[in-house]
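Okay, so here's the structure we're looking at.
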Amino acid sequence: MDIQYRLEQKRNISGSFPGPRSAALAERRAAVVAKGVASSVPVYAADADGGVIVDVDGNSLVDLGSGIAVTTVGAGNPKVAAAVAEQAARFTHTCFMVTPYEGYVELAEKLAKLTPGTHEKKSVFFNSGAEAVENAVKVARVATGRTAVVAFDHAYHGRTNLTMGLTAKAAPYKRGFGPLASEIYRMPMSYPFREENPNISGKEAAERAILAMEKQIGGDQIAAIIIEPIQGEGGFIVPAEGFLPRIAEWAKEQGIVFIADEVQSGFCRTGAWFASEHEGVVPDIVTLAKGIAGGMPLSGIVGRAELLDSVHPGGLGGTYGGNPVAVAAALAALDFMEEQDLSGRAREIEARFYARLRPLQQEIAAIGDLRGRGAMLAIEFVKAGGIEPDADLTKKIAADCLAQGVVILTCGTYGNVVRLLPPLVMGDALLDDALDVLEAAIRANA
Ligand SMILES: *Cc1c(COP(=O)(O)O)cnc(C)c1O
């Protein structure tokens, strides 16, 4: 990497934390912002660049969350900022469904090349990951004339009505928000750390799900199977090798649209452009968002031309979908990822993480599992020796890290997973500093 940072890449917490300005903002917020939106960090951002976030009291935090896997190229990337400013000065919106513009077409051209498979592809752009997922399902239903949609245990696909139905975890995502959409079926995932039979292969885990689909739905009734190639909110679960290829193969045999939800795992995050590539899986449709546009709200679906084109003109779209400023940001972010080989950087981060955490796992019985690829990495905490989830310990470790100025996120069906999603522009010194803090927090609490 050859990156000039605007802000000093150093962790620095001084005085009370949260400081007085953040405390005052928290008070103003409590009066006017709905409680339903919760924040994991108690301080308010004033600036961000590379691997640091500076708060309103001047504290510098190390960012191991990237705003949930979004700011892969950094939250203050100068190339993205310049592209945004340049486009915003010309026009901010015309609506692609009214007066189209070149950037949208250029991004579709670019994604057709970058996404897995050499087949002819088409794209549509939206604003959020959930919207991309909704539209992938719409396309699959029209293309197949079928209605059933299959999702997996531990899945996370969003918070809109259809996508919260696809999401597995009830609290906080679904509780009280029903009625949920119908024709959604949930199948057993491959979760190597928690398999009853620890020797079950990925292919066997796939056959288990396939049998359930055949018995409970029937292959010829299924429009789409949607799966995250590495599950995000559900716990950074990497299915056993062979699971994804077998599910994709069976989908093909049955005429089912195989949708890879790469909203979190895409765009260099796992050490490749897309996580599907690690096992050579070629999805029929990929859903994209989060890392796509350097922090600007943009999402999209890219899929087989004949599938996407099965939808009648006017059937897909949205007022803001593929907004020109967001598209300009995406084109700049993708250039930056290529120029700086951020997939390579993700693999370096992976190597540094395992070199550090594997020996620690030998010492600390509460570290049940280490997993993940690239810079999508996780530690699953358990009651010493067994596999019983330890959510309290996980919370304490995350809180300790935060008190030391390291922003770290938790996840998992059982709330017992610490996940690392650093911006890929974070340098080694800052990464090592954050890992020092994490190691000390684990030692102090486990
Ligand atoms: C975050 C996420 C979504 C939803 O994206 P939003 O932009 O929050 O709507 C969907 N799928 C996966 C895998 C995600 O991680």
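Under a 3.5 Å cut-off, the side chain of R371 and the backbone N or O of F236 do form a donor-acceptor pair. In this structure a side-chain-to-backbone donor-acceptor pair under 3.5 Å is missing from K290 to V70. Formation of a donor-acceptor pair under 3.5 Å by the Q9 side chain with backbone atoms of D49 is found in this model. Here the side chain of Q87 pairs no donor or acceptor atom with the backbone of A82 at under 3.5 angstrom. Formation of a donor-acceptor pair under 3.5 Å by the Q340 side chain with backbone atoms of D2 is found in this model. No side-chain donor-acceptor contact under 3.5 Å links R21 to the backbone of D55. A donor-acceptor pair under 3.5 Å is formed between the side chain of S66 and the backbone N or O of L421. The backbone N or O of G271 sits less than 3.5 Å from a side-chain atom of R347, completing a donor-acceptor pair. Under the 3.5 Å distance criterion, the side-chain polar atoms of E262 are matched with a main-chain donor or acceptor of A275. Of the possible polar contacts, none joining the T394 side chain to the F381 backbone as a donor-acceptor pair under 3.5 Å is found.
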How far apart are the C-alpha atoms of D400 and N445, what are their side-chain angles, what is the distance that settles it, and do they pass the side-chain hydrogen bond (donor to acceptor under 3.5 Å, both in side chains) test? CA-CA 9 Å; D400 256 25; N445 291 285; 3.1 Å; yes

For side chain to side chain contact (heavy atoms under 4.5 Å, CB included), just list the numbers for T270 and E277, CA-CA rounded to whole Å, side-chain angles, deciding distance to a tenth of an Å, and then say yes or no. CA-CA 10 Å; T270 67; E277 294 168 40; over 6 Å; no

Check step by step if side chain to side chain contact (heavy atoms under 4.5 Å, CB included) holds for M189 and Q231. CA-CA 10 Å; M189 181 62 187; Q231 289 183 316; 3.6 Å; yes

Is there a side-chain hydrogen bond (donor to acceptor under 3.5 Å, both in side chains) between T413 and H154? Walk through the geometry before answering. CA-CA 6 Å; T413 296; H154 314 288; 2.6 Å; yes

Go through the steps to decide whether L61 and V52 satisfy the test side chain to side chain contact (heavy atoms under 4.5 Å, CB included), and finish with yes or no. CA-CA 5 Å; L61 307 155; V52 300; over 6 Å; no

Let me see the working for L431 and R352 under side chain to side chain contact (heavy atoms under 4.5 Å, CB included), right down to the final yes or no. CA-CA 9 Å; L431 179 66; R352 259 184 137 73; 3.8 Å; yes

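Atom CD of E363 is surrounded by more than 12 heavy atoms from other residues, nucleotides or ligands within 6.0 Å. Residue R208 places its CZ atom among more than 12 non-hydrogen atoms of other residues, nucleotides or ligands, all under 6.0 Å distant. More than 12 heavy atoms of other shown residues, nucleotides or ligands fall within 6.0 angstrom of atom NZ in K169.
Proximity of D57 to V43: side-chain heavy atoms (C-beta onward) are nowhere separated by under 4.5 Å. A heavy-atom distance below 4.5 Å is not found between the side chains of P422 and D63. Between E338 and L114 the shortest side-chain heavy-atom distance falls below 4.5 Å. In this structure the side chain of F336 never reaches within 4.5 angstrom of the side chain of V80, judged on heavy atoms. Contact annotation: the side chain of R11 approaches that of V437 to within less than 4.5 Å [non-hydrogen atoms, C-beta and beyond]. Looking at V56 and L25, their side chains come closer than 4.5 Å, going by heavy atoms from C-beta outward. Counting only heavy atoms from C-beta outward, the side chains of F267 and T72 never approach each other to under 4.5 Å. L420 places a side-chain heavy atom less than 4.5 Å from the side chain of L438.
Between A181 and L162, the closest heavy-atom pair is CB-CD1, 3.9 Å. F353 approaches A378 most closely through the heavy-atom pair CZ-O, 3.9 Å. In terms of heavy-atom proximity, C268 sits nearest to A346 at O-CB, 3.3 Å. Considering every non-hydrogen atom in both Y414 and A391, the closest pair reads O-CB, 3.5 Å.
Note that CG of N161 and CZ of F177 are 11.0 Å apart. Values are rounded to the nearest 0.5 Å. Here NE2 of H278 is found 11.0 Å from CG of L244. Values are rounded to the nearest 0.5 Å. Residue I379 holds its CD1 atom at 7.5 Å from CG of L360, rounded to the nearest 0.5 Å. The OG1 atom of T92 lies 7.0 Å from the CG atom of N323; values are rounded to the nearest 0.5 Å. Rounding to the nearest 0.5 Å gives a distance of 9.5 Å between CG of L331 and CD of E102. Considering CG of L424 and CG of L342, their distance stands at 5.5 Å, rounded to 0.5 Å.
Salt bridge present: E380 and R194 bring a charged side-chain N and a carboxylate O closer than 4.0 Å. In this structure, E241 does not pair ionically with K203, as no charged nitrogen and carboxylate oxygen lie closer than 4.0 Å. Remark: E439 engages R443 in a salt bridge, criterion side-chain N to carboxylate O under 4.0 Å. Under the 4.0 Å criterion applied to side-chain N and carboxylate O atoms, R90 and E86 are assigned as salt-bridge partners. Taking the charged nitrogens against the carboxylate oxygens, R345 and E348 do have a contact shorter than 4.0 Å, which makes a salt bridge. By the 4.0 Å N-to-carboxylate-O rule, D433 lies too far from K10 to be salt-bridged with it. Between D335 and K110, at least one side-chain nitrogen of the basic residue sits less than 4.0 Å from a carboxylate oxygen of the acidic one, meeting the salt-bridge criterion. The residues D392 and K383 are annotated as not salt-bridged, no charged nitrogen and carboxylate oxygen being separated by less than 4.0 angstrom.
Side-chain N/O atoms of T163 and E134 include no donor and acceptor closer than 3.5 Å. Residues K121 and T115 bring a donor and an acceptor atom of their side chains to less than 3.5 Å of each other. Side-chain atoms of R29 and S39 include a donor-acceptor pair closer than 3.5 Å.
Evaluated for a side chain to side chain contact (heavy atoms under 4.5 Å, CB included) with V124, the options N135, I301, V139 yield exactly one hit, I301.
Annotation: F126 is not in aromatic contact with Y320 [ring centroid separation under 6.0 Å not met]. For F125 and F96, the ring centers are positioned 6.0 Å apart or more.
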